[in-house]
Amino acid sequence: MPHLAHIDFHAPSAEVGPLLIGVTLLVDGVGGRIVEAEAYDREDPASHSFSGPTPRNASMFGEPGRAYVYRSYGIHWCLNLVCRESGHGAGVLIRALEPTHGLDIMRARRGVDDPRLLCSGPGRVGQALGIDRSFDGMRLDRPPFELVAREGEPDIATGPRIGISKALDVPWRFGMAGSRFLSKPFPRR
DNA sequence: GCAACGATGTCCT
DNA sequence: GGACATCGTTGCT
């Protein structure tokens, strides 16, 4: 039987990121296996927390083990898992899932049929899982959230993060090597 | 296949 | 006014 993942969200986001690859993320029973995630930190020019707390990023400075949900480009809802200690401002952005649970619900929310277009990108993950501002600050260890432990050690790919203009060399993008559900392929070596 | 672009909330200069 | 942790559509170098 599957069991709950025991992720230590007090660890730095760059350590939590790889640990999340292969973990199943569900919201109200809908979701899939995490195949891509990115770490962000307070001392990180690409991070929302870099310039200090604001009303938007307040959850990122709150307790670890909770959700930080933000609106991207005025349109998409994106989900982060808060890391380190309260007040630090670190998190892991969920960028892509391999859909495993509630495919029909996600198809209806997304308006597409192809499983590879359901959760391959942070905005798509938010839409497929029904995420909005009301999920901001919620605990990840109780409903509607559920994290199911992975089975075995996945082969982890790393590389530079996507869609940013600062700290382009920081290799804090993590993915399941060879997955067909990544938002983009990882650079070859 | 890929570059350009629009949509548009929140924060910064 | 401009940038941005994006995505879907358009139109053709």
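Below, chain A is the first sequence line, B the second, and so on; all start at residue 1.
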Return the value, rounded to whole Å, for the distance between atom CZ of A/Arg124 and atom P of C/dT9. 10 Å

Give the rounded distance in Å between these two atoms: OH of A/Tyr73 and C1' of B/dT10. 13 Å

Would you kindly give the CZ-to-C1' distance between A/Phe50 and C/dA5, to the nearest whole Å? 15 Å

What's A/Asn57 touching, base or sugar-phosphate or nothing? Going by heavy atoms closer than 4.0 Å. nothing

Cation-pi geometry met for A/Arg173 and A/Phe186 (6.0 Å, 45°): yes

For A/Ser72 and C/dC4, is the shortest distance between a side-chain N/O and OP1 or OP2 below 4.0 Å? no

When all nucleic acid strands are considered with a 4.0 Å heavy-atom cut-off, which category describes A/Ser51: base, sugar-phosphate, or nothing? sugar-phosphate

Quick one: look up who C/dA5 pairs with, Watson-Crick or G-U, both distances under 3.5 Å, and put none if it's unpaired. none

Please work out if A/Arg161 contacts a base, only the sugar-phosphate, or nothing of the nucleic acid, heavy-atom cut-off 4.0 Å. nothing

Tell me which one of A/Leu182, A/Leu20, A/Leu97 satisfies side chain to side chain contact (heavy atoms under 4.5 Å, CB included) with A/Val35. A/Leu182

It should be established whether A/Ser165 places a side-chain nitrogen or oxygen under 4.0 Å from OP1 or OP2 of nucleotide C/dC4. yes

Kindly point out which of B/dC11, C/dT6, C/dG8 is positioned nearest to the side chain of A/Pro55? B/dC11

Rounded to whole Å, NE2 of A/His76 lies from C1' of B/dT8 at a distance of 11 Å

Base of C/dA5, side chain of A/Tyr70 - is there a donor-acceptor contact under 3.5 Å? yes

Give A/Leu93 one of three labels, base, sugar-phosphate or nothing, depending on what nucleic acid heavy atoms sit under 4.0 Å from its own. base

State yes or no: do A/Ile94 and A/Met60 share one hydrophobic cluster built from I, L, V, M, F, W and Y residues joined by side-chain heavy-atom distances below 4.5 Å, directly or via other members? no

Whole angstrom value for the distance that separates P of B/dT8 from CH2 of A/Trp77: 14 Å

For B/dT8, what is the paired nucleotide under Watson-Crick or G-U wobble rules, both distances under 3.5 Å? none

For A/Arg116 and C/dC7, give me the distance from atom CZ to atom P, rounded to whole Å. 15 Å

Check for me whether the distance between the ring centres of A/Tyr70 and A/His48 falls short of 6.0 Å. yes

For the pair made of CZ in A/Arg71 and P in B/dG9, what is the distance, rounded to whole Å? 7 Å

Atom-to-atom span, CD1 of A/Ile94 to C1' of C/dA5 - whole angstrom: 12 Å

Base, sugar-phosphate or nothing for A/Arg133? Non-hydrogen atoms, less than 4.0 Å. sugar-phosphate

Please examine the side chains of A/Trp77 and A/Arg133, heavy atoms only from C-beta on, and report whether any two atoms are closer than 4.5 Å. yes

